[in-house]
Participant: 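Just dropping this structure here.
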Amino acid sequence: MDYAEWQHPNHGNRIKIPPVSRIVSIILGILMLWTLLASVYTVPSDSVGVVLRFGRYVKEVQPGLRFKIPWGIDHVTILPVRRQLKQEYGFGTSGASNPSQHPLDLSREKRMVTGDLNAALVEWIVQYRIANPVNFLFKVRNAEITLRAVSESIMREVIGDRTVDEVLTIGRQEIESEALVKMQKLAAKYDVGVSIDQVQLKNVNPPEPVQESFNEVNQAQQEKEKLINDARREYNKSIPLAEGTKDQNIQEAEGYRLKRINEAQGDISRFNAVLAEYLKAPEVTKRRIYLETMQEVLPVIRSKTVIDENARSVLPLLQLGGEKGGKP
Amino acid sequence: MKTFMGIFGGFFAVGLLCLLACMYTVNEGEQVILTQFGKPIGKPVIEPGLKFKVPLIQMVNRMESRILEWDASPTDMPTKDKLYISVDTFARWRIVDPMQYFLRLRDERSAQSRLDDILGSETRTAVAKHELIEIIRSTKDRKPLKDESIVVTNQVVGVLVPIIKGRQAVEEEIFKAAAPKLGVFGVELLDVRFK
């Protein structure tokens, strides 16, 4: 069957099928297009492509438009070697493109025991890059899962060697740097092909039941400070006042003493002066004192009736002064 | 002419199929044992690349040559001071003797289950022989940093419990006990660690 025969349908009872050459050319065309499409690929700027030919590692290719042999001969794995990758432990932010970033079981992962047998909840991150794509792919299977195991193991080891005070407060930086050094060492031992750049502790907390008590301790400490300050203020306010009052009282008492002493001394000298005068003429003075005293005394007493011892009748006499009597 | 083309095409196609059936690739990170009717033939193929075999009667058995992980699920076990702790161990291993591995274990699933058995029981033994603190701490005479501003009121906090051996030594014990048992399977244990 050729092209001319196919062009004339009423030329005998032949079945109308396209000629072989046309089918072949269509198939070849599709094949060539497919080959072309399958042999072109791009490597993004943050990555390199690792090329395997018949399963054997051939080369690494840099970013750009690249070609390979199709039909399953060349295989290219693209790895983001320049990107800073990270893994989160004990917590997870959603929407990460790196599947190993998020922990599988975060509540189990973050519970740790410290060297003085206390519990702590530790969250941390590890930042790393793929340093050696060949090791990363062909030396270790699941390099990133291995890295997770390494990181968790090391962090527990480091935390297990420290007191809870160090873990929660003062030893954070030391923990980070020691964990980093140990992780780098172990990653090198396993040949995982990653370089660990940073280990950073995030939230480090006491376990939930204890957290409340921690807050209470803090509150109590603040309360203590406040009470001390209050007391100090009260002290400052009242003590100087009392000191002032004390001084004032002392001054007053001192003044009073002086006044009394001076008064008494004045009295003494006056008395002495009077005494000296008395001593000069005791009779006159005696008389004068008698008169003066009588002057004072007589107006006060009632009328007195002096009766002769021979007198018989007292009654009339008594009646005489009856109205006046009784009153001074 | 047409029949010749047809015959040629047919032969070509069959030839191509035969050629394809003869070839196999060994990937980077893989090793292969050829079996003929179930019987291992020749040395294990370790080098990656394009390889040839007798079609149909020879089978390709692939296995890993990379370092593999073994990650136990966390298990509760008692320590010497009879405290129950949840222990999570992981180990690295690889197939060093593919033939032995192939004969004794055949595939990775059974290898993982042997590792579970052996490492699991060795871990229990080692943990039960030591007190809790030996598994937690690692450096013997580390002096903890102290915050001078905090007055120590109770002696439990802020003091590291003394240890005799430490974590690494216990890990080492598990490793030493388990490594020869795994050696007979053609498996080399590289490392055992607590998580």
Side-chain angles (χ1 to χ4, degrees), chain A residues 1 20 24 50 52-58 72-73 75 77 104-105 108-109 111-118 134-135 137-143 145-146 148-171 174 178 182 186 189-192, chain B residues 2 5-6 9 23-30 47-51 64-71 74 83 85-86 88-92 94 108 132-133 135-140 142 144-150 152 155-161 163 166-168 171 190-191 193-195:
Chain A
M1 188 169 74
V20 174
V24 168
V50 177
L52 298 183
R53 182 162 298 155
F54 292 119
R56 176 198 284 274
Y57 168 73
V58 193
I73 294 173
H75 268 288
T77 313
L104 293 171
D105 185 355
R108 183 178 273 284
E109 206 168 62
R111 279 185 302 212
M112 297 200 182
V113 184
T114 62
D116 46 358
L117 295 178
N118 284 295
V134 177
N135 278 0
L137 289 174
F138 309 125
K139 193 81 181 253
V140 180
R141 188 177 63 181
N142 294 336
I145 291 174
T146 304
R148 285 201 78 90
V150 164
S151 166
E152 200 187 326
S153 164
I154 294 287
M155 191 50 84
R156 276 180 206 284
E157 184 184 317
V158 173
I159 296 285
D161 229 9
R162 277 167 174 71
T163 65
V164 71
D165 286 341
E166 285 177 283
V167 173
L168 291 179
T169 53
I170 44 178
E174 205 202 325
E178 190 177 334
K182 285 191 167 172
L186 199 59
K189 187 180 162 196
Y190 286 163
D191 263 343
V192 285
Chain B
K2 269 186 269 175
M5 278 288 280
M23 293 192 301
Y24 66 97
T25 58
V26 178
N27 284 319
E28 203 80 47
E30 259 182 2
E47 279 293 302
L50 190 64
K51 310 283 167 184
E64 287 282 344
S65 67
R66 293 183 284 187
I67 296 173
L68 303 176
E69 73 279 1
W70 171 79
D71 197 345
L83 292 164
I85 52 165
S86 175
D88 190 357
T89 40
F90 76 96
R92 305 290 108 178
R94 66 171 173 224
E108 202 196 315
L132 173 62
I133 194 64
I135 294 153
I136 289 166
R137 291 205 42 212
S138 44
T139 323
K140 250 177 237 175
R142 212 185 79 82
L145 288 175
K146 275 204 181 128
D147 190 349
E148 299 299 335
S149 65
I150 296 171
V152 178
Q155 285 295 310
V156 181
V157 176
V159 176
L160 290 174
V161 185
I163 51 162
R167 195 178 160 111
Q168 266 115 18
E171 285 166 352
L190 297 172
D191 199 3
R193 292 184 73 89
F194 293 123
K195 269 214 281 201

Participant: With only heavy atoms counted, which part of A:Ile159 is less than 4.5 Å from chain B, the side chain, the backbone, both or neither?
Facilitator: neither
Participant: Run the salt bridge (charged side-chain N to carboxylate O under 4.0 Å, His left out) test on B:Glu69 and A:Arg141 for me, step by step, so that the C-alpha distance in whole Å, both residues' side-chain angles and the decisive distance to 0.1 Å come before the verdict.
Facilitator: CA-CA 7 Å; B:Glu69 73 279 1; A:Arg141 188 177 63 181; 3.7 Å; yes
Participant: What residue, out of A:Val140, A:Ile154, A:Leu52, has the most heavy-atom pairs lying under 4.5 Å from chain B?
Facilitator: A:Val140
Participant: Only counting residues at least two apart or in another chain, list the ones meeting salt bridge (charged side-chain N to carboxylate O under 4.0 Å, His left out) with B:Glu28.
Facilitator: none
Participant: For B:Ser86, is it the side chain, the backbone, both, or neither that has a heavy atom closer than 4.5 Å to a heavy atom of chain A?
Facilitator: side chain
Participant: The criterion is salt bridge (charged side-chain N to carboxylate O under 4.0 Å, His left out); which residues satisfy it with A:Arg156, sequence neighbours excluded?
Facilitator: A:Glu152
Participant: What's the separation between atom NZ in A:Lys139 and atom CZ in B:Arg66, rounded to the nearest 0.5 Å?
Facilitator: 12.5 Å
